[in-house]
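Okay, so here's the structure we're looking at.
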Amino acid sequence: MSDEGDPTDSGRPTPPERLTAEVVRGQYDAHGRDILTFLTGVLKDPHAAQDVCQATFQRLMEAGHEARMESIRGWLFKVAYHEAMAYRRQQGRSDRLHQKYSRQISETTIDLPPQQLVRLEDIARIKDLLKQLPEEQQFVVRQRIHEERTFAEIAGDLNVPLGTVLTRMRLAVQKLRKWFE
Amino acid sequence: MSQPIAEHLNWLALQYVLGELSESDRSTFELRLADDLQACEAVVAATRLAMTMQVATSIVAPAAVMPVRSKSLTGAWLAIGMTSAAMALSCLLVFRTPTPATPSSAAQLVSLWHAEADAGDEDSDDGDDLMDAAGDVAVPGWMLAAVSLESPRSDEPADDVKEN
């Protein structure tokens, strides 16, 4: 190539290209389920989590080219977190929020299919594992998860210290997680 | 990350997801989520476990009722409530997912439900609540919601629970 350079070369750096829809879709397939699960845990609202997840991958399309691919997962979590906090700040202004996220969703140029957060095979496995827990641990798990009673309420009903209830739940979860994984 | 630290983080994340942290602890943990990928992963695991347990405990008939030491009536009513609530249609997911499920996933859940009912819960007539006028099993709304958002591209191996 001539040292004189390409006559069309203006000397300005070439702006990085945005990620393609195919690349974004690939990242969604790889990380979307976990991002949505994360947002569900933070926002406690599956519909809001869906909206914020869409917004997160919209951001990926807009600015993902600035992130390093090897750390894209961390980048996605960071963006998801900030989008969730922004959503929460705007939660009181429901009309504006709806407009913001509706607009974002309508601007999305790729179709992001819904993610299955809970798998049937996992449900069946946990169902069996729960039965293997000691009775007192099963009781606390069912009271907290199924009945949605607080640990303090459970401790009051059982007339045991709160720490005892917390310990039973913690041991139960440790076992479930160990067996589950 | 060492095992004790990982277990502590997992426990902290579960308390956060269940809303059991104090306001100050919740704020502190949320600040950590801003740039701690391991904490974010712990929230993912905790959320998934909590949601799975929510559905699983809704399907399983209650085990032998834990004897309550309290002398008040609360424990007694609690025990009665547990027995009937296990088969009640009014169970809600922790995260309230009302989106309807696909017929295939609903059918699989129904089979799980049947399996539990056939396991010998003869004393419970709560199963009748599930029968509609035609005598077919009516899938509860919350059960359909539990398997909502099923991806049409469900080509992942069944045992592939964790990614990467």
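Sequence lines set the chain letters: A, B, ... in the order given, protein chains first and strands last, and positions in each chain run from 1.
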Please walk me through it: do A:F38 and B:E41 pass side chain to side chain contact (heavy atoms under 4.5 Å, CB included)?
CA-CA 8 Å; A:F38 169 74; B:E41 301 280 12; over 6 Å; no
When rounded to the nearest 0.5 angstrom, what distance separates CG in A:L36 from OG1 in B:T47?
10.0 Å
So if you build clusters from Ile, Leu, Val, Met, Phe, Trp, Tyr with side-chain heavy-atom gaps below 4.5 Å, do A:V160 and A:V140 land together?
yes
Do you know which two heavy atoms are closest between A:G74 and B:L37, and how far apart they sit?
CA-CD1, 4.0 Å
Taking all non-hydrogen atoms of both residues into account, name the closest pair between B:E20 and A:R149 and its distance.
OE2-O, 4.5 Å
Verify the cluster assignment for A:M61 and A:V23: are they in a single hydrophobic cluster under the rule of side-chain heavy atoms below 4.5 Å apart?
yes
same_hphob_cluster(A:F151, A:L171) at 4.5 Å side-chain heavy-atom cutoff
no
With respect to chain A, which residue among B:V43, B:V44, B:D36 yields the maximal number of heavy-atom pairs within a distance under 4.5 Å?
B:V44
For A:K44 and B:V17, the nearest pair of non-hydrogen atoms, with its separation, is CE-O, 2.9 Å
So what's closer than 4.5 Å to chain B heavy atoms on A:M169: side chain, backbone, both or neither?
both
CE (A:M85) and CG (B:L33) are apart, to the nearest 0.5 Å, by 7.0 Å
Looking at A:R177 and B:E7, is any side-chain nitrogen of the basic one under 4.0 Å from a carboxylate oxygen of the acidic one?
no
Whether A:Y81 side chain and B:D35 backbone form a donor-acceptor pair below 3.5 Å
no
For B:S58 and A:H146 the tightest heavy-atom approach is OG-ND1, 3.4 Å
Taking it one step at a time, do A:R142 and B:M53 satisfy side chain to side chain contact (heavy atoms under 4.5 Å, CB included)?
CA-CA 9 Å; A:R142 292 207 174 96; B:M53 285 197 293; over 6 Å; no
Measuring from B:Q54:CD to A:I123:CD1, what's the distance to the nearest 0.5 Å?
11.0 Å
Mind ranking A:T150, A:V42, A:V141, A:V173 by heavy-atom pairs under 4.5 Å with chain B and telling me who comes out on top?
A:V42
Would you call B:R48 and A:D122 a salt bridge, taking side-chain N to carboxylate O under 4.0 Å as the test?
no
A:L166 portion near chain B, given a 4.5 angstrom heavy-atom threshold
both
Under 3.5 Å, is there a donor-acceptor pair between the side chain of A:R144 and the main chain of B:L18?
yes
To the nearest 0.5 Å, atom CZ of A:R119 lies from atom OG1 of B:T52 at 10.0 Å
Minimum-distance pair of heavy atoms, taken over all atoms of B:Y16 and A:G41:
CE2-O, 4.1 Å
Taken to the nearest 0.5 Å, the spacing of A:I35 CD1 from B:C40 SG works out to 8.0 Å
Turns out that what part of B:L49 lies under 4.5 Å from chain A's heavy atoms comes down to side chain
